[in-house]
Amino acid sequence: MKISVGILYSTHDFLHVLAGSTVEESRLSGLNERFRFADIADIVKMCEICKWMLPNEGGVCVLTERGCQIVSVGLNRDTLRLQLVDIIDNYQPTWATKIPAGRKEALASFSSDIAQIFKEADLLEGVEESVVNWWDTAATKLRNIRYEKNLEVGRKAEKRSMKFEEERTGQLPEWQAIESNYSGYDIKSKVGETDRTPLLIEVKGSSLKYKEAYFTVTRNEWSVAEKSAAYCFHLWILNENETLLQVSKSDLEPHIPNDNSSGRWEQVRVPFRVFPYPLTVGQDPRAISEL
């Protein structure tokens with residue numbers, strides 16, 4: 001859905017209509033002529049996704065608490081600010097991804113329609129407390145969204161490794177990541193069916209393509225790896241080309257930094273692409289460039 005000042009103003013007007021009268025869901029199409037800047041179907045969709053309005057069991061459109069708040073504020077810059085926060089939270093639009101990097105960086109990625117919304121919301125300049133608070137609130141929401149997505153991908157990768165190791169060794173491994181985030185590894189398996197030497201596995205996952213994906217190694221993970229008799233990394237590409245790259249600590253070692261003078265490294269980011277892509281039988285190596 002294209003987001004513009006017009007549709008935001010129209011959603012506010014629609015919410016105001018609901019606040020003053022009973023509107024059945026089956027009769028929404030009859031309201032279309034009342035809104036000049038947006039189609040009623042788009043207005044209703046936005047109101048539902050942003051949780052400003054929901055139909056009740058009787059099919060009557062009812063304002064939510066947030067919808068009531070937007071109506072009570074009136075049609076002004078504060079309303080646009082509230083709406084923008086909810087759009088970021090519920091739509092997670094691509095134009096919002098630069099917001100945590102700062103206002104100038106975000107503006108550079110905005111389309112003219114999005115920039116116009118921010119201009120009318122008085123968010124493009126000034127350092128008044130309300131302006132700074134809005135940017136901080138939006139940035140925090142986006143960081144939380146990113147954290148939740150990363151956690152979801154990470155857990156999915158761990159589940160894949162749990163299954164992979166069970167099938168490889170014939171024994172269900174220990175899922176250490178569920179117990180502690182400070183162990184320096186995610187899964188405790190064994191070297192093989194007959195070799196019971198503990199194998200510690202740090203699992204990394206990415207939904208990006210092979211040539212775009214990267215993972216982060218912490219100092220604690222590398223310290224545990226160095227001290228362990230058997231330790232490896234499972235790098236999962238979790239997209240349409242779901243793939244596992246198994247990386248030994250010796251393969252990763254060239255990419256680990258050194259401490260210098262009083263400086264100590266705490267984490268390092270490593271691209272997946274520095275490790276060979278596991279080809280299947282008959283697969284053309286040239287196809288890797290497309291992954």
Side-chain angles (χ1 to χ4, degrees), residues 1-20 34-54 61-152 208 212 214 216 266-267 269:
M1 178 191 300
K2 185 177 180 180
I3 297 173
S4 64
V5 172
I7 193 168
L8 293 188
Y9 285 157
S10 295
T11 54
H12 178 274
D13 291 343
F14 174 65
L15 295 175
H16 191 76
V17 169
L18 297 185
R34 298 185 60 168
F35 304 100
R36 293 183 301 159
F37 302 111
D39 186 84
I40 188 63
D42 291 336
I43 294 171
V44 172
K45 182 178 180 180
M46 176 172 286
C47 287
E48 290 183 335
I49 291 176
C50 292
K51 303 179 181 66
W52 300 329
M53 176 278 295
L54 293 171
C61 298
V62 179
L63 292 179
T64 62
E65 182 177 348
R66 182 65 162 184
C68 291
Q69 182 183 2
I70 288 174
V71 170
S72 66
V73 170
L75 189 57
N76 53 42
R77 70 178 190 182
D78 293 328
T79 302
L80 290 176
R81 291 177 181 181
L82 289 175
Q83 289 175 306
L84 278 171
V85 167
D86 290 346
I87 287 169
I88 289 170
D89 198 13
N90 293 285
Y91 276 91
Q92 300 169 27
T94 54
W95 53 259
T97 55
K98 288 289 186 180
I99 286 178
R103 183 163 57 186
K104 181 180 178 180
E105 302 298 330
L107 180 58
S109 67
F110 289 170
S111 66
S112 57
D113 284 332
I114 300 303
Q116 183 63 30
I117 298 173
F118 276 75
K119 180 179 180 180
E120 297 202 22
D122 286 339
L123 291 171
L124 292 184
E125 57 187 23
V127 291
E128 293 85 359
E129 185 174 0
S130 63
V131 174
V132 174
N133 286 344
W134 187 92
W135 283 95
D136 287 346
T137 297
T140 298
K141 281 187 175 294
L142 286 160
R143 291 190 186 101
N144 289 340
I145 290 169
R146 186 179 303 164
Y147 172 79
E148 290 174 0
K149 285 184 175 180
N150 288 342
L151 180 60
E152 182 181 354
L208 299 176
E212 299 171 349
Y214 64 88
T216 299
E266 292 298 329
Q267 61 180 30
R269 194 169 92 160

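Closest non-hydrogen pair, Arg81 versus Ala121, comes out as NE-O, 2.8 Å. Nearest approach of Ile87 to Cys50, heavy atoms of both residues: CG1-SG, 3.9 Å. Shortest non-hydrogen contact noted between Ile88 and Ala96 is CG1-CB, 4.1 Å. The nearest pair of heavy atoms linking Asp122 to Val131 is O-CG2, 3.7 Å. Heavy-atom minimum distance, Ala139 versus Pro100: CB-CA, 3.9 Å.
No side-chain heavy atom of Asp113 sits under 4.5 Å from any side-chain heavy atom of Val5. In this structure, Leu123 and Leu84 have side chains that are in contact, with non-hydrogen atoms separated by less than 4.5 Å. Using a 4.5 Å heavy-atom threshold, the side chains of Met46 and Leu8 count as touching. Residues Asn144 and Thr140 have side chains in contact (heavy-atom distance under 4.5 Å, counting atoms from C-beta outward). Taking the side chain as every heavy atom from C-beta outward, Phe14 and Ile40 approach each other to under 4.5 Å.
Remark: Glu65 pairs with no residue by the side chain to side chain contact (heavy atoms under 4.5 Å, CB included) rule, at least two apart or across chains. Residues forming a side-chain hydrogen bond (donor to acceptor under 3.5 Å, both in side chains) with Thr97 (at least two apart in sequence, or on another chain): none. Not a single side-chain hydrogen bond (donor to acceptor under 3.5 Å, both in side chains) links Asp136 to another residue, sequence neighbours left out. Residues meeting the salt bridge (charged side-chain N to carboxylate O under 4.0 Å, His left out) test with Asp86, sequence neighbours left out: Arg66. Taking the salt bridge (charged side-chain N to carboxylate O under 4.0 Å, His left out) definition, one finds that Arg143 meets it with nothing, sequence neighbours left out. Applying the side chain to side chain contact (heavy atoms under 4.5 Å, CB included) criterion to Thr216, with sequence neighbours excluded, gives Gln267, Arg269. Partners of Arg146 according to the side-chain hydrogen bond (donor to acceptor under 3.5 Å, both in side chains) rule, which considers only residues two or more places apart in sequence or in another chain, do not exist here. For Phe110, the ring-ring contact (aromatic ring centres under 6.0 Å, His included) test picks out Trp95, Phe118, with sequence neighbours left out. For Glu148, there are no side chain to side chain contact (heavy atoms under 4.5 Å, CB included) partners, not counting sequence neighbours. Checked against side-chain hydrogen bond (donor to acceptor under 3.5 Å, both in side chains), Lys119 has no partners two or more places apart in sequence or in another chain.
Residue pairs satisfying the salt bridge (Lys or Arg N to Asp or Glu O under 4.0 Å) criterion with at least one member in residues 8-20, sequence neighbours excluded, are absent. Listed by first then second residue, pairs satisfying salt bridge (Lys or Arg N to Asp or Glu O under 4.0 Å) with a partner in residues 93-109 number zero, not counting sequence neighbours.
For the pair Glu48 (side chain) and Leu54 (backbone), a donor-acceptor distance under 3.5 Å is absent. Although no hydrogens or angles enter the test, the distance criterion places no donor-acceptor pair under 3.5 Å between the side chain of Thr79 and the main chain of Val73. Checking side-chain atoms of Asn133 against main-chain N and O of Glu129 turns up a donor-acceptor pair under 3.5 Å.
Counting only N and O atoms by type, the side chains of Glu120 and Tyr9 include a donor and acceptor under 3.5 Å apart.
For the atom pair CG of Asn90 and CD1 of Ile49, the computed distance is 8.0 Å after rounding to the nearest 0.5 Å. Of the inter-residue distances, the one linking Asn150 atom CG with Ile145 atom CD1 reads 12.0 Å to the nearest 0.5 angstrom. Distance check: Ile99 CD1 to Trp134 CH2 gives 4.5 Å after rounding to the nearest 0.5 Å. Atom CG of Leu107 and atom CD1 of Ile114 lie 11.5 Å apart (nearest 0.5 Å). Distance check, rounded to the nearest 0.5 Å: CE of Met53 to SG of Cys68 gives 12.5 Å. Note that CD1 of Ile3 is 15.0 Å distant from CD of Gln116, once rounded to the nearest 0.5 Å.
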Q: Go through the steps to decide whether Lys2 and Ile7 satisfy the test side-chain contact (heavy atoms from CB on, under 4.5 Å), and finish with yes or no.
A: CA-CA 9 Å; Lys2 185 177 180 180; Ile7 193 168; over 6 Å; no

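For Gln69, the CD atom sits in a packed shell: over 12 heavy atoms of surrounding residues, nucleotides or ligands are nearer than 6.0 Å. Counting heavy-atom neighbours within 6.0 Å of Gln92 CD, excluding the residue itself, gives a total above 12.
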